[in-house]
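I have placed the structure first, in the form of structure tokens, so that the comments after it can refer back to it.
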There are 2 protein chains.
Amino acid sequence: MQIQLDRLQHSVLTLAQIGATPEGGVSRLALSDADKEGRDLLVRWMRATGLEVTIDTMGNIFGRRHGTDQDAAILLIGSHIDSVKEGGKFDGALGVLSALEVVRTLNDQQRQTRHPIEVVAFTNEEGVRFPPAMLASGVMAGHFTLDYAYSRTDTQGKRFGEELARIGYRGSRPCTPRHFHAYIEMHVEQGPVLITEGYPIGVVEGVLGISWSTITILGERDHAGPTPMAMRHDALVAAAQIVLAVRNLATTFGGDMVTTVGTLDVEPNMINVIPGRVVLSVNIRDWYDEKIRQALTMLKEEAARIAKTEGVHIEVDNYWHIAPTHFSPEIVAAVERSCQKRGCQYRKIVSGAGHDANYLNHVTRTGMIFVPSIGGKSHCPEENTAWEDIEKGANVLLQTVLDLAEA
Amino acid sequence: MQIQLDRLQHSVLTLAQIGATPEGGVSRLALSDADKEGRDLLVRWMRATGLEVTIDTMGNIFGRRHGTDQDAAILLIGSHIDSVKEGGKFDGALGVLSALEVVRTLNDQQRQTRHPIEVVAFTNEEGVRFPPAMLASGVMAGHFTLDYAYSRTDTQGKRFGEELARIGYRGSRPCTPRHFHAYIEMHVEQGPVLITEGYPIGVVEGVLGISWSTITILGERDHAGPTPMAMRHDALVAAAQIVLAVRNLATTFGGDMVTTVGTLDVEPNMINVIPGRVVLSVNIRDWYDEKIRQALTMLKEEAARIAKTEGVHIEVDNYWHIAPTHFSPEIVAAVERSCQKRGCQYRKIVSGAGHDANYLNHVTRTGMIFVPSIGGKSHCPEENTAWEDIEKGANVLLQTVLDLAEA
């Protein structure tokens, strides 16, 4: 049994016209008019595919294909259709539409399954308009309350709950875990590993843990002309050493660790003034929580050393930490077996980015299938994946569904 | 013969009330209402001191005390009374009011001099409202044309020429060099050298040359999660190495060299995105032009090396260069002799900051007298100098005037 690539391609390119940007990407922020239009199209497609559509209180859309055993647990497959601002065509949408294509293929073949299958599109995965990210899957997992989610506001002060009602997607079904069999999400990798190493499929073992810190460096703001070098306490010179120390953490700890300083702000940021204050962000990710904690300890020690040498004050505020997500070994094994059955080259991979699958992993057995991102690019108009890789990914999803839903 | 500290102190504190800020500093931007009020007060004081006041086309204020020989060259003494935004009480004002105090002292003692003496307050030395700095002394030295100066605009689009007329200080005397004997400017050091080493007086040998560059680093903007370290081209990691390389230039070349990265801007400056672009400023100052050029060459070599290692593109744009100003050896020697005559501890010093004296040095024999800045602070409300040091500085100025004006 094979999915129909031309039908999947048509679905992806049709949805991509909603919120399309001149650069060839997509802006379909959560609960925007474009999001509503995309949702309406998806619901029409689901109904045309014979799915029973329900919407929950967080606006998550479920399209149910009944199983032969109505009491059997639900096999959930999907992703999200909201995008970042000026994002790409594939992030999220590919997972939802591949899931829909899997159901269309089962219908074509008139294949019944014991377990019911539900195609899902989660609301506000990106969290760009309404932070934090993965808000609706977070509510389902009990990580956020519904009140918390409804009270999130965008930069114009509009509230999530009201915007959800405005676009007509504030449903009545409670956003809580039901009797789930498993959750499988297909997604673009968003990194360069598969494309560089030449694998069409990544069998995702989980998501790296993340630690976010703010480092504030207080030096002495002085005139850059008359202050001799030996009398300076330059916050930016100290910050530069921190930036390199952060990079060195990944080198030191190795493995999957990635470390990044993404933001750095200098005060007063004037050409003629020695920087008096620098605030920068530190982003440490690893597959092992213990390694993240060790790296953070090492960074604090390094910061103390730099503070002493440069005569500045350095404060490290580790304000957010999320443990690594290790997906269900059964589901990871099931995806791996599907690759083997389909004769697909694959590699096991860990995700550096978060997904709804992170929270779903707390609710049911969860796994993900990655397809390669050309140039490792995502969240930009250039985001792209070869159609032949998409075909392979969707067939691996189909195979996994066939195996798990017990044909 | 001694200046009267209480009278000088009263003048400084009275002028400091005009444009006074709640923090104890002064905001008296060039050609503002506060500047007009300060000018009016200065002109009243000059007239009360028996000086003949003229204003030139750039608004420079001259108060002339006639000499016994009307054909003798003019001994010019002064500084400026405009301030930066939220600056201090002393920068500029001290030089003008000490010059006025010198004349008041000569009057008290009924001391005639052969050379006429003119107290001067130059317009827009700071250049904060109307860049560039030292605009009026620059016109006098022929470095800028009058049309150029008049067409400078502030952030509200108001033009220098019109604002000068509005406050009533667009005079008729041409802003050109006259028959000058010498120019002596007393000023706060604005750095920590004198205060740290315990000298009340700095005999200024000149002003460091300055080279300003913009360095633009283009890397690859990628998601900070899924992009392995080995596949990154992080513009900020390269920038951090540039910041440290800039600091190392001063260590390598030694002497008076000071090197600073004052501004650094990261794009997109998001915690979750590997920086794709960084723009930073490089400010190199030294007493020898050749050393500045060598440092710049070394920095470019280092930038090329970093670009290669990090796989980024680095562009160095050296957009502004001003040669060091070496003051007249005769005037430097005259100031030094005055210190010795007055029994003042002093040290020779070079100025890291620019002054009207830079441009005047092209017009006539020029020198400066520095007094210590407490904590090395300037351009801020905390800017301060001990009154006993001010007294010493003004007496050195008086002595230098007595010697040069030939009593």
Side-chain angles (χ1 to χ4, degrees), chain A residues 189-193 196 207-208 210 212 220-229 231-232 234 236-237 239-244 246-247 250-251 256-266 268-275 278 280-283 285 351-354 373 376-380, chain B residues 189-193 196 207-208 210 212 220-229 231-232 234 236-237 239-244 246-247 250-251 256-266 268-275 278 280-283 285 351-354 373 376-380:
Chain A
E189 180 198 338
Q190 301 184 263
V193 175
T196 308
V207 183
L208 300 184
I210 307 175
W212 280 3
E220 284 271 332
R221 172 186 166 155
D222 280 306
H223 193 306
T227 312
M229 299 307 287
M231 297 185 185
R232 296 181 174 208
D234 186 326
L236 183 55
V237 165
Q241 293 169 66
I242 296 276
V243 169
L244 298 179
V246 168
R247 199 259 283 267
T251 318
D256 294 306
M257 186 176 285
V258 286
T259 53
T260 312
V261 176
T263 73
L264 187 147
D265 295 288
V266 180
N269 212 32
M270 289 161 61
I271 187 165
N272 241 349
V273 181
I274 298 164
V278 172
L280 59 87
S281 66
V282 178
N283 188 332
R285 296 171 186 239
S351 174
S373 294
K377 298 286 170 198
S378 72
H379 286 190
C380 59
Chain B
E189 181 199 336
Q190 302 184 263
V193 175
T196 307
V207 183
L208 300 184
I210 307 176
W212 280 2
E220 283 272 332
R221 172 187 166 154
D222 280 306
H223 194 306
T227 312
M229 299 306 287
M231 296 185 186
R232 295 181 175 209
D234 185 326
L236 183 54
V237 165
Q241 293 170 65
I242 296 276
V243 169
L244 298 179
V246 169
R247 198 257 284 267
T251 318
D256 294 304
M257 186 176 285
V258 286
T259 53
T260 312
V261 175
T263 73
L264 187 147
D265 296 289
V266 180
N269 213 33
M270 289 161 64
I271 188 166
N272 241 349
V273 182
I274 298 165
V278 172
L280 59 86
S281 65
V282 178
N283 188 332
R285 295 170 187 242
S351 173
S373 293
K377 299 285 172 198
S378 73
H379 286 188
C380 58

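So that the names make sense, note that chain A is the first sequence line, chain B the second, and so on, each numbered from 1.
- With a threshold of 4.5 angstrom between heavy atoms, B/V273 approaches chain A through N, CA, C or O but not through any side-chain atom.
- Take B/D222 and apply the salt bridge (Lys or Arg N to Asp or Glu O under 4.0 Å) test, not counting sequence neighbours, and it matches A/K377.
- Ranked by heavy-atom pairs shorter than 4.5 Å toward chain A, the options B/H379, B/E220, B/R232 are led by B/R232.
- Per-residue heavy-atom pair counts under 4.5 Å with chain A were compared for B/G191, B/G352, B/P226, and the maximum is reached by B/P226.
- Remark: B/M270 CE to A/N283 CG distance equals 11.5 Å, nearest 0.5 Å.
- The candidate with the highest count of non-hydrogen atom pairs below 4.5 Å against chain B, out of A/A239, A/G376, A/C380, A/P228, is A/P228.
- Ranked by heavy-atom pairs under 4.5 Å with chain A, the list B/V207, B/V237, B/V266 is led by B/V237.
- Among all heavy-atom pairs drawn from B/G225 and A/V258, the shortest one is O-CG2, 3.5 Å.
- Looking at A/R247, both its backbone and its side chain come within 4.5 Å of chain B, counting heavy atoms on both sides.
- Most heavy-atom pairs under 4.5 Å with chain A, from the set B/T259, B/I271, B/V278, B/L280: that is B/I271.
- Ranked by heavy-atom pairs under 4.5 Å with chain B, the first of A/L208, A/D234, A/V261 is A/V261.
- When A/S373, A/G262, A/A240, A/S378 are compared by the number of non-hydrogen pairs under 4.5 Å with chain B, A/G262 comes out ahead.
- Taking both residues in full, the closest heavy atoms of B/L236 and A/V243 are given as O-CG1, 3.9 Å, listed atom of the first, atom of the second, then distance.
- At a 4.5 Å heavy-atom cutoff, the contact between B/M231 and chain A is made by side-chain atoms alone.
- B/R221 is linked by a salt bridge (Lys or Arg N to Asp or Glu O under 4.0 Å) to nothing, counting only residues two or more places apart in sequence or in another chain.
- Top candidate by heavy-atom pairs under 4.5 Å with chain B, chosen from A/S351, A/A353, A/G354, A/P268, is A/A353.
- Among B/L264, B/D265, B/I242, the residue making the largest number of heavy-atom pairs under 4.5 Å with chain A is B/L264.
- If you measure heavy-atom distances from B/T227 to chain A, the contacts under 4.5 Å come from both the backbone and the side chain.
- Contact tally against chain B (heavy-atom pairs below 4.5 Å) for A/A250, A/S281, A/P192: the top residue is A/P192.
- The two residues B/R285 and A/N272 come nearest to each other via the heavy atoms NH2-OD1, 2.5 Å.
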